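Below is one structure, written out as structure tokens, with a few remarks after it.
Numbered from 1 within each chain, the chains take letters A, B, ... in sequence-line order. Heavy atoms only: backbone and side chains are in, while hydrogens, waters and symmetry mates are out. All values reported here derive from a predicted model rather than from experimental measurement.
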Amino acid sequence: MEIEKSFDAKKIQSKWYKHWTKNGYFSSIPNEKTPFTIVIPPPNVTGILHMGHMLNNTIQDVLIRKARLEGFNACWVPGTDHASIATEAKVVKHLKEKGIQKEDLSRDKFLSHAWDWTEKYGGKILDQLKRLGCSCDWSRTKFTLDSDMSESVIKVFIDLHEKGLIYRGYKMVNWDPEAKTTLSNEEVVFVEEETKIYFISYKISESDDEIHVATTRPETIFGDTAIAVNPKDTRYQKFIGQNASIPILNKSIPIISDDLVDPEFGTGCLKITPAHSENDKEIGDRHNLELLDILNDDGSLNHFNLHYSGMDRFEARKKIVVELNSMGALIKSEPYVTKIGRSERTNCIIEPRLSKQWFLKMEKIAKPALNAVLNNEVQFFPKKFKNIYRNWMENIRDWNISRQLWWGHRIPVYYYTNDKNNYVVAENIDEALKLINQKKGFEYVNKEKIYQENDVLDTWFSSWIWPISVFDGIRNPDNKDFKYYYPTNDLVTGPDILFFWVARMIVSGYEFKKNKPFNSVYFTGLVRDKLGRKMSKQLGNSPDALKLIDKFGADSVRVGLLFSAPAGNDLLFDESLCQQGKNFSNKIWNSLRLLKSWTVSEKLSEPKTSTIASKWFESKFNSKLNDVEDFFRKYRISDALITIYKLIWEDYCSWYLEIIKPNYGESIDQVTYKKTLMYFKKCLKILHPFMPFLTEEIWSLIKDQKESSIIISNWPNIGSIDSNYIENFQHTQKIITNIRKFRNVNGISVNKRIELLSKNKPDYNFEFKEIVLKLVNVSIEFNNEKINNNLSSIMVESKEYFISNNFELKDDLSNIRQQLDYNLGFLKSIQSKLNNKKFVDNAPKQVLLNEQKKERDTLEKIKILENKLSK
RNA sequence: GGGCGCUUAGCUCAGUUGGUUCAGAGCACUUGGUUUACACCCAAGGGGUCGGGGGUUCGAAUCCCUCAGCGCCCACCA
């Protein structure tokens, strides 16, 4: 069969993906096998695939494909998130472009636009994951706004409310003036920015004195209700109890004292705006100060602000500064660097604002989740996130779960009077009606008099139950799927949503199911460019994920990403990594071509070189597979991949194939051929999770008739490892290397050498193999001799030399002490080695006996030294 | 301010309880090589005071102290 010289990924990718789905290899239903489950971190429904997704989902696919090969019932549940703020913002923007204002639409009308949008653009990202090769069970695809998923969310809300964990509170919250909604603390990102600090003079009433305050927010002066100084601050003692006048407004406010004021900062005088600062609120509460909210929902100033009413807050700041200056109330302004909070979604500067919102009490329900991670019931990889998690969970604050948006799960709270303190919580309006009419003291009401809360729930309030709700475990706790798949095995996600999502999922798992949602969490790093910068649209340094797949093939991009992605470490991505992946594909492809080019003879005996090579390779393969398994256990996916990469490229191609390949024009014996085919298949199997398309294609070209797809073949077992063979061969490799070096140094090329050796039949394989054969024999003898001489093959010679030299006693007492210490130390090292399970398991008997003898010798030596010393 | 982590080859990083896989890997680089699977290749090679200083130890990349630099999380900042 003619096989093309280089591997073309494009030609085969969609073919195999169709093959896999058509045969249902991805789908999973509960059976007698052990399940292995992963739920996808649901991407935004209207999102598009970026590098972070690619990394994250490649890792999940590697884990799930490996589990499938290992014979688990592998189930990877895909889905998308409605992402309320992000999607609503997109829809609002889209409508605006069409000349439609959200404010002009009814809730229902807006939602129908949002659904149109979602249907048009939604789920594209899932198709993109297919191109990457992700083996999700697509029949289980979920969307957080699906009716069953929504019902679960509502049920959970009702449950928590009944437990008294949900309350409506008037608190300082983060207000996003662009999205016009509140945000949870986690949704606010603080970044240091350059701004200005203004020093403003307030006149003391009925006096010529004035008091100076420092503020970065002069536009809030109309919300001031006091000026505070530290009670111990001698400079301002005289003012305490007096009044000062707000410039422009000429409103008189009291000067009070409070410990919270830092005399060192600014002027030592703090203007108090209780409605727009947490600290000020605290001080305000202590002194019974009035709360003056001076902002509109969109961030413009409201009617309290005289001629600034309706003006945007930053515009007003400029104008107010000008006015203050012109009236002499502005002392000075200085550049100032402070941390500004911005909305994670809209990037808009957030306003602290007092507002009535729904909150979930976290402290009590967080405890089991904290303990679960501390005692490793849920394991974090890498471990460092355990402490970060602990820190957050131990200081957890109540979760603001309401959002002033329409796109999302509408809070199931029904009011039945104008007083919002009178409400019921129910699954729907009919249930609500029943509940209301059961209440004593209320006359019969009908549906028209009931109105539902306008706010929707935070997006994360639906995703925090994702591992439960995708299996319908909230509505039907006893259903087969949920009982079978939950708890899931691994969660793969970025550390940026540790608090948003991971922590809360663990909380919800224990709260609703008394069980963890997953065994392990693998935190990926951030994908950066090769200069270490974050990928961003502005910088234009984020490669188009799909173009990369087109250019290099999905397999190459997958391994390109994984080559340098140790868990939790940021990944500096560069296209050259994909090129490396592509080169690897080609290397493997060509080893297939080599195999296919051979004619197999009838001969049933293999040459001695082949016997040696195959025995060596078997041991080598097993020992590397052992390493790979170990890396997987530690979730060191990159290391596992690199181990396989080297095993295939160096050990299989460069050494094994070079040794066994027949001379030019000759055929290969059956035994060697069959073994080689077997080794190749084993290599492909362990590579399959990383490079599914390539391995499936090659598999199809070499498999037996009775064998089916590689995707459902089996993960190889670790066979016996004969370390003698590995070591002997290592020795041989060294000698061969030296010969090659010698040849290079002398500048004689292989071809020239061949010419010299034989003018009739140029064959460097011949020469190479002769050398191998001779050297292997020599080295086996050499090593056996070593063992017979009671010299451990794992002891480095130099060390032996060192030790034997130090055993020679000098008649110098000052040296004896030192020698004693040396020997004690050496004894310790031998003993620790003999206690080491790994060493005992792997060392040949003779080596062990040898070590024990050394131990005895050392003890003897120590006795002699001690005797000498005591004399 | 509280917490966590990092600093090892030109780059990205491994390096388990201190010793014998301890100074490593991949990439990059240098040199030599294509009539025979693969130049998307083969072979050989150069490169590091393990951030600085101090300590413990017979022995330190590894443990302790200290200094310097970098990063992350939380809180606060008029």
Side-chain angles (χ1 to χ4, degrees), chain A residues 3 5-7 185 190 197-198 213-217 228 261-262 265-273 277-280 336 338-339 382 384-392 394-395 495 498-499 530 532 563-566 568-572 574 576-577 579-580 582-598 634 636 638-639 642-643 645-646 653-654 657-658 661 663-665 737-738 740-745 747-752 762-765 792 794-796 798-800 803 806 817-826 828-830 832-833 836 839:
Chain A
I3 298 175
K5 202 166 175 178
S6 57
F7 173 64
N185 294 334
F190 285 91
I197 187 162
Y198 302 90
V213 301
T215 180
T216 53
R217 308 212 42 199
V261 180
D262 177 3
F265 193 94
T267 62
C269 304
L270 175 60
K271 71 186 204 62
I272 304 296
T273 327
S277 153
E278 188 122 25
N279 261 345
D280 291 11
Y336 184 70
T338 187
K339 281 189 178 166
K384 65 175 174 184
F385 290 107
K386 216 169 131 174
N387 277 325
I388 296 173
Y389 175 85
R390 176 190 186 153
N391 200 355
W392 191 73
E394 282 176 346
N395 299 295
L498 171 56
F499 305 135
K530 67 175 168 181
F563 268 135
S564 65
N569 277 16
D570 286 355
L571 156 69
L572 272 58
D574 184 58
S576 67
L577 289 166
Q579 186 59 47
Q580 197 187 336
K582 200 178 170 190
N583 295 353
F584 185 41
S585 307
N586 202 50
K587 181 73 189 174
I588 300 168
W589 183 251
N590 273 290
S591 74
L592 167 78
R593 286 183 66 219
L594 177 64
L595 224 75
K596 285 284 182 182
S597 72
W598 291 335
K634 294 171 183 159
R636 292 172 58 160
S638 280
D639 290 318
I642 289 167
T643 305
Y645 176 83
K646 284 170 67 180
C653 292
S654 295
L657 285 182
E658 287 300 335
K661 90 179 170 190
N663 296 339
Y664 182 61
T737 300
N738 278 332
R740 283 172 175 161
K741 185 173 149 189
F742 174 78
R743 282 196 303 214
N744 273 344
V745 166
I748 305 168
S749 75
V750 173
N751 274 348
K752 276 220 175 114
D763 184 348
Y764 53 77
N765 290 332
S792 156
I794 62 159
M795 297 290 277
V796 169
S798 61
K799 183 74 184 179
E800 302 232 313
I803 292 159
N806 277 290
R817 161 70 66 184
Q818 204 185 357
Q819 286 177 35
L820 182 63
D821 287 341
Y822 264 76
N823 289 324
L824 281 169
F826 184 57
K828 198 184 143 205
S829 103
I830 294 172
S832 80
K833 199 149 69 169
N836 184 335
F839 174 78

Closest non-hydrogen atom pair, [X] against [Y]:
X      : Y      : answer
A:N586 : A:K5   : OD1-O, 4.1 Å
A:G268 : A:V261 : O-CG1, 3.4 Å
A:D280 : A:K271 : OD2-O, 3.3 Å
A:W598 : A:K661 : CZ2-CB, 3.8 Å
A:N395 : A:N391 : ND2-O, 2.7 Å

What's the gap between [N] and [M] when it is taken at their [atom1] atoms, as a whole Å value?
N     : M     : atom1 : value
B:G45 : B:A68 : C1'   : 36 Å
B:G52 : B:G10 : C1'   : 22 Å
B:G55 : B:C72 : P     : 35 Å
B:G19 : B:A60 : C1'   : 10 Å
B:U62 : B:A23 : C1'   : 12 Å
B:C70 : B:G47 : C1'   : 24 Å
B:U49 : B:A61 : P     : 14 Å
B:U16 : B:U8  : P     : 16 Å

Pick base, sugar-phosphate or nothing for [X], based on heavy-atom distances below 4.0 Å to the nucleic acid.
X      : result
A:Y198 : nothing
A:K5   : sugar-phosphate
A:D639 : nothing
A:N279 : sugar-phosphate
A:F7   : nothing
A:K271 : nothing

Rounded to the nearest Å, what distance is computed from the [atom1] atom of residue [X] to the [atom2] atom of nucleotide [N]?
X      : N     : atom1 : atom2 : result
A:N590 : B:C38 : CG    : P     : 6 Å
A:K386 : B:C72 : NZ    : P     : 24 Å
A:L571 : B:C27 : CG    : C1'   : 14 Å
A:F190 : B:C74 : CZ    : P     : 10 Å
A:K634 : B:A14 : NZ    : P     : 13 Å
A:W392 : B:C72 : CH2   : P     : 20 Å
A:F584 : B:C27 : CZ    : C1'   : 15 Å
A:Y389 : B:C74 : OH    : P     : 15 Å

I want to verify a distance call: between [options], whose nearest atom is closest to the [X] side chain?
X      : options             : result
A:N185 : B:A75, B:A14, B:C38 : B:A75
A:S591 : B:A37, B:C40, B:C73 : B:A37
A:Q580 : B:A37, B:G26, B:C40 : B:G26

For RNA chain B, whose closest nucleotide is more 5', that of A:A228 or that of A:Q579?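 Closest to the 5' end, via its nearest nucleotide, is A:Q579.
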5' precedence on RNA chain B between A:S597 and A:I642 (nearest-nucleotide basis): A:I642
Taking only side-chain nitrogens and oxygens of [X], does any of them come within less than 4.0 Å of OP1 or OP2 of [N]?
X      : N     : result
A:S654 : B:A43 : yes
A:R636 : B:G15 : yes
A:K661 : B:A37 : yes
A:Y645 : B:C27 : yes

With 3.5 Å as the limit, what N/O pairs link the protein to nucleotides 9-11 of chain B?
none

Report yes if the side chains of [X] and [Y] come closer than 4.5 Å at any heavy-atom pair, otherwise no.
X      : Y      : answer
A:L594 : A:L657 : yes
A:V213 : A:Y198 : no
A:T338 : A:I197 : no
A:F7   : A:K582 : no

From [X] atom [atom1] to [Y] atom [atom2], the distance as rounded to the nearest 0.5 Å:
X      : Y      : atom1 : atom2 : answer
A:T273 : A:L270 : OG1   : CG    : 8.0 Å
A:K587 : A:L592 : NZ    : CG    : 13.0 Å
A:N590 : A:K596 : CG    : NZ    : 14.5 Å
A:N279 : A:I272 : CG    : CD1   : 8.5 Å

For RNA chain B, the dot-bracket notation using Watson-Crick and G-U wobble pairs below 3.5 Å, [ ] for pseudoknot-type crossings and | for other-strand pairs, is (((((((..((((.....[....)))).(((((.......))))).....(((((..]....))))))))))))....
Would you confirm whether the ring centroid of A:Y645 sits within less than 6.0 angstrom of the ring centroid of A:F563? yes
Do A:E278 and B:A75 have a side chain to base donor-acceptor pair shorter than 3.5 Å? no
On a plain distance test, is the side chain of A:K339 in donor-acceptor contact with the base of B:C77 below 3.5 Å? no
With no hydrogens and no angle check, just 3.5 Å: does a side-chain donor-acceptor pair link A:D574 and A:S576?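 Yes, a side-chain donor-acceptor pair sits under 3.5 Å.
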Please classify B:G10 as syn or anti, treating any glycosidic angle within 90° of 0 as syn. anti
Mind listing the N/O atom pairs, protein and nucleotides 2-6 of chain B, below 3.5 Å?
| from | atom 1 | to | atom 2 | distance (Å) |
| --- | --- | --- | --- | --- |
| B:G2 | N2 | A:N391 | ND2 | 3.4 |

